[in-house]
*Asks:* 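Below is one structure. I have some questions about it.
FYI, side chains are in, hydrogens and waters are out, and symmetry mates aren't considered; it's all heavy atoms of this structure.
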Amino acid sequence: MSETVHAEPPLIAGAAVRMEEDGRPTLIGSECADCATRIFPPTALCPECMGEEMSPVPLGRSGRLYSYCTVHVAPRGWSVPYIAGYVDLPEGVRVFTHVVDAAERQLSMEMEVELTTAILGTDGDGEAFSSYAFRPRQPVSDDA
């Protein structure tokens, strides 16, 4: 009798996320050699000075929720509704992301959030896929 092994769903973020040995994700952005601008996701051209010397740079795992809303319509296979938001990282980078592990009524501007991964939906073959997401740093109560 063989044992079924359940693998983690594939991460769809490509070079923008690195999984560390401890299983935690790290966002990978770009830093411009000419003006020191940092950006996410990584890019080959600096949006600030148009410099072409961009290097990969790891970004922080925590930040503050800048803005958010509930999305009710999404591409086929994506789980809806979901919360989309912007998170400001300490490095001065603003990240567009899913916000998980909380209902919209439990969120607030400037609340501390932390990086995680989450299953976002299924691909054309019905297989689950995941990506980076942020969640409230402190557990939220259901009566918030």
*Asks:* Under the side-chain hydrogen bond (donor to acceptor under 3.5 Å, both in side chains) definition, can you give me all pairs with a residue in residues 49-58, not counting sequence neighbours?
*Replies:* none
*Asks:* Is the shortest heavy-atom distance from the side chain of Val57 to the side chain of Arg38 under 4.5 Å?
*Replies:* yes
*Asks:* Check whether any side-chain heavy atom of Leu45 lies under 4.5 Å from a side-chain heavy atom of Met50, and answer yes or no.
*Replies:*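 Answer yes - side chains close enough.
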*Asks:* Under a 4.5 Å cut-off applied to non-hydrogen side-chain atoms, are Ile12 and Ser130 in contact?
*Replies:*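 The answer is no, as the side chains (C-beta and beyond) never meet within the 4.5 Å cut-off.
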*Asks:* So, Glu114 versus Ser62: side-chain donor-acceptor pair below 3.5 Å or not?
*Replies:* no
*Asks:* Using modelled atom types only, decide if a donor and an acceptor are shared between the side chain of Ser30 and the backbone of Thr43 within a distance under 3.5 Å.
*Replies:*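 Yes, Ser30 side chain to Thr43 backbone: donor-acceptor pair under 3.5 Å.
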*Asks:* Show me the pairs that pass salt bridge (charged side-chain N to carboxylate O under 4.0 Å, His left out) and involve residues 60-86, at least two apart or across chains.
*Replies:* Arg64-Glu112
*Asks:* Give the minimum heavy-atom separation between Ala84 and Phe96, together with the two atoms involved.
*Replies:*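 Heavy atoms only, the tightest pair is CB-CZ, 3.9 Å.
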*Asks:* One pair to check against side chain to side chain contact (heavy atoms under 4.5 Å, CB included): Phe134 and Tyr68. What are the steps and the verdict?
*Replies:* CA-CA 11 Å; Phe134 281 81; Tyr68 58 91; over 6 Å; no
*Asks:* Measure the shortest side-chain to side-chain distance between Val73 and Val80 over non-hydrogen atoms and say whether it is less than 4.5 angstrom.
*Replies:* no
*Asks:* Are Val93 and Val113 linked, directly or through other ILVMFWY residues, by side chains that come within less than 4.5 angstrom of each other?
*Replies:*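 Yes.
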*Asks:* Would you list the pairs meeting side-chain hydrogen bond (donor to acceptor under 3.5 Å, both in side chains) in which at least one residue belongs to residues 82-100, sequence neighbours left out?
*Replies:* Asp88-Arg94
*Asks:* Any idea which heavy atoms bring Asp101 and Arg135 closest together, and the distance?
*Replies:* OD2-CD, 3.2 Å
*Asks:* Specify the closest pair of heavy atoms between Phe40 and Ala16, including all atoms of both residues, with the distance to one decimal.
*Replies:*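 Closest pair (atom of Phe40, atom of Ala16, distance): CE1-O, 3.4 Å.
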*Asks:* Would you check if Cys32 and Cys49 make a side-chain contact, meaning some heavy-atom pair closer than 4.5 Å?
*Replies:* yes
*Asks:* Please determine whether residues Val99 and Val71 belong to a single hydrophobic cluster, defined as Ile, Leu, Val, Met, Phe, Trp and Tyr linked transitively by side-chain heavy-atom distances below 4.5 Å.
*Replies:*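 No, no single cluster joins them.
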*Asks:* For Leu107 and Ile83: C-alpha separation, side-chain torsions, deciding distance, then whether side chain to side chain contact (heavy atoms under 4.5 Å, CB included) applies.
*Replies:* CA-CA 10 Å; Leu107 300 175; Ile83 299 172; 3.9 Å; yes
*Asks:* Between Asp125 and Glu127 (side chain of the first, backbone of the second, donor and acceptor by atom type, cut-off under 3.5 Å), is there such a pair?
*Replies:*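 Not at all, since once roles are kept as given, no pair shorter than 3.5 Å links the two residues.
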*Asks:* So Thr26 and Ile28, do their side chains get closer than 4.5 Å, heavy atoms only?
*Replies:*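 A side-chain contact under 4.5 Å exists here.
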